[in-house]
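Both backbone and side-chain heavy atoms feed into the values below; hydrogens, waters and symmetry mates do not. Bear in mind that the values here come from a model prediction, so they are computed numbers and not experimental data. When a ligand or atom number is given, it counts from 1 through the structure's own listing order.
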Amino acid sequence: MDVTTYAERRAAFMERMGEGVAIIPAAPQSTRSNDVEYRYRQDNDLLYLTGFPEPNSLCVLSPRHESERFVLFVQPRDREKETWTGKRYGTEGAKEVFGADAAYTIDQVKEVLPGHLAGADRVYFAPGRDERMNTLIQGLLDASRSGRARTGRGLVALVDPASLSHEMRLFKSAGELDLMRKAVAASERAHAAAMRAARDGACEYELEALLEYHFRAAGGSGMAYPSIVASGANATILHYTQNDRRMRDGDLVLIDAGAEFDGYCSDVTRTFPVAAGYSQPQRRIYETVLRAQKEGIALVRPGVSMEDIHRRATEVLVEGLLDIGLLSGKAGELIEKREHARFYMHRTGHWLGLDVHDVGQYRIDGAARPLEPGMVLTVEPGLYIAEDLDGVSGDYRGIGVRIEDDVLVTDAGHEVLSAAIPKEVDAIEAIRREALASPGPAPH
Ligand code: GLY
Ligand code: MN
Ligand code: MN
């Protein structure tokens with residue numbers, strides 16, 4: 001994204017604010033262990049509005065201020081620290097590169113922010129994950145509020161800035177869609193490689209390593225969320241990330257993995273056999289999930305809601321389970337009594353963007369929200385038959401299948417961004433046959 005894009009977003013955000021002051025803090029740096037930190041990931045609202053990538057920073061937007069409508073507080077330049085942890089933009093960079101009207105060092109918040117707060121009766125701020133910053137800002141807000149008794153001016157309303165930024169983030173611009181397509185393209189290469197590399201006796205983490213190689217090799221920042229490589233009954237554990245089992249010939253492998261590119265996420269799941277083909281029970285479950293997923297995707301268009309998609313996908317899954325004999329009774333009544341939840345316990349999709357479970361309301365004034373062009377969502381039904389599930393034929397126990405695509409809502413309907421990643425039974429079996437026929441080690 002270029003500087004103009006961020007400037008336009010801030011202008012749109014400030015337009016929605018009307019007046020008042022918005023305070024958007026950076027994400028804190030997280031410790032992994034002792035003195036080792038995780039690679040830094042900026043807070044998505046700050047990233048969306050400024051592109052500023054550094055920790056220990058804070059953005060202030062004051063639409064009514066004469067000269068400082070956009071202010072950044074940043075880490076000071078520090079030759080010694082920069083030798084250890086990398087270059088900092090400093091206050092000069094904050095102005096020159098990121099277009100701030102004014103920039104201060106982060107230790108100046110206490111001196112400078114009260115000037116911005118004076119006279120603002122509405123402040124957009126929500127405590128974040130950085131406790132020290134929360135305490136500092138809360139103290140300044142309290143001071144502003146108590147001043148009101150004396151001066152008649154000061155804070156009366158505290159509003160969550162997410163009410164503005166999250167609605168904006170829900171609708172993707174052409175530039176954002178470009179980045180999401182790049183994230184999906186990296187996932188496509190990764191899934192294709194993993195689908196070819198599975199072998200009897202190989203470990204799940206070998207596929208995990210391969211996926212993540214492709215995420216990075218495509219120029220992405222890595223995984224959008226911890227990759228799930230779940231073979232055999234591990235596929236029935238929804239958030240399995242141990243990825244340390246040895247896969248066996250008769251297993252299915254469920255891979256839920258997506259690349260992140262310039263902050264934007266992809267989120268894709270495929271489920272394929274280690275053998276050259278699906279077993280009969282595996283195929284029946286797989287085809288049911290595939291049907292539910294395709295019917296769900298077919299519904300995606302402006303005016304339809306996520307709830308409509310979930311309802312239809314659930315119906316198709318239940319019809320399939322009735323057909324197979326894993327449920328008995330009437331589809332409508334079974335769904336009413338949530339009998340399907342033994343096999344299908346999650347929702348059919350979520351928004352996708354800078355966050356993998358992206359921001360934005362799913363319901364408005366208590367009603368399911370209609371889809372609109374520019375939204376991106378996942379469609380990801382699944383069936384999970386736990387190994388020890390009572391009342392289920394042994395043939396079906398330990399089978400877990402999910403199929404997940406990333407779908408853009410368009411004026412005319414939808415576009416499946418991840419359509420190039422194979423999911424038809426014939427296509428997947430052809431890939432597996434070919435992979436197993438090629439001699440030598442698993443291809444990378
Ligand atoms: N990978 C998380 C999800 O599918 O929602
Ligand atoms: Mn998902
Ligand atoms: Mn997923």
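Proximity to Glu404 (heavy-atom distance under 4.0 Å) selects the following atoms of ligand 1: 4 (O).
Residue-level proximity to ligand 1 for Asp267 is carried by the side chain, the only part with a heavy atom below 4.0 angstrom.
Of all the N, O or S atoms in Glu380, the one closest to the Mn ion (ligand 2) is OE2. The atom of Asp267 that is an N, O or S and sits closest to the Mn ion (ligand 3) is OD1. As for Glu404, its N/O/S atom nearest the Mn ion (ligand 2) is the one called OE2.
Looking only at atom types and distance, the side chain of Tyr384 has a donor-acceptor partner in the side chain of Arg402 under 3.5 Å away. The closest side-chain donor-acceptor pair between Glu415 and Thr410, if any, does not fall under 3.5 angstrom. A side-chain donor-acceptor contact under 3.5 Å links Ser418 and Asp405. Using modelled atom types, one finds no donor on one side chain facing an acceptor on the other under 3.5 Å when comparing His357 with Asp267. A side-chain donor-acceptor contact under 3.5 Å links Ser227 and Glu212. A donor atom on one side chain and an acceptor atom on the other are not found under 3.5 Å apart for Thr236 and Tyr240.
Closest protein heavy atom to atom 4 (O) of ligand 1: Glu380 OE1, 3.0 Å.
Screening Glu380, Glu404, His191, Lys423 for a side-chain contact (heavy atoms from CB on, under 4.5 Å) involving Val268 leaves a single residue, His191.
Inclusion of His357 in the set of residues having an N or O under 3.5 Å from an N or O of ligand 1 is warranted.
Distances from the Mn ion (ligand 2) show that Asp256 has no N/O/S atom below 2.8 Å. Among the backbone and side-chain atoms of His357, none of the N, O or S atoms lies under 2.8 Å from the Mn ion (ligand 2).
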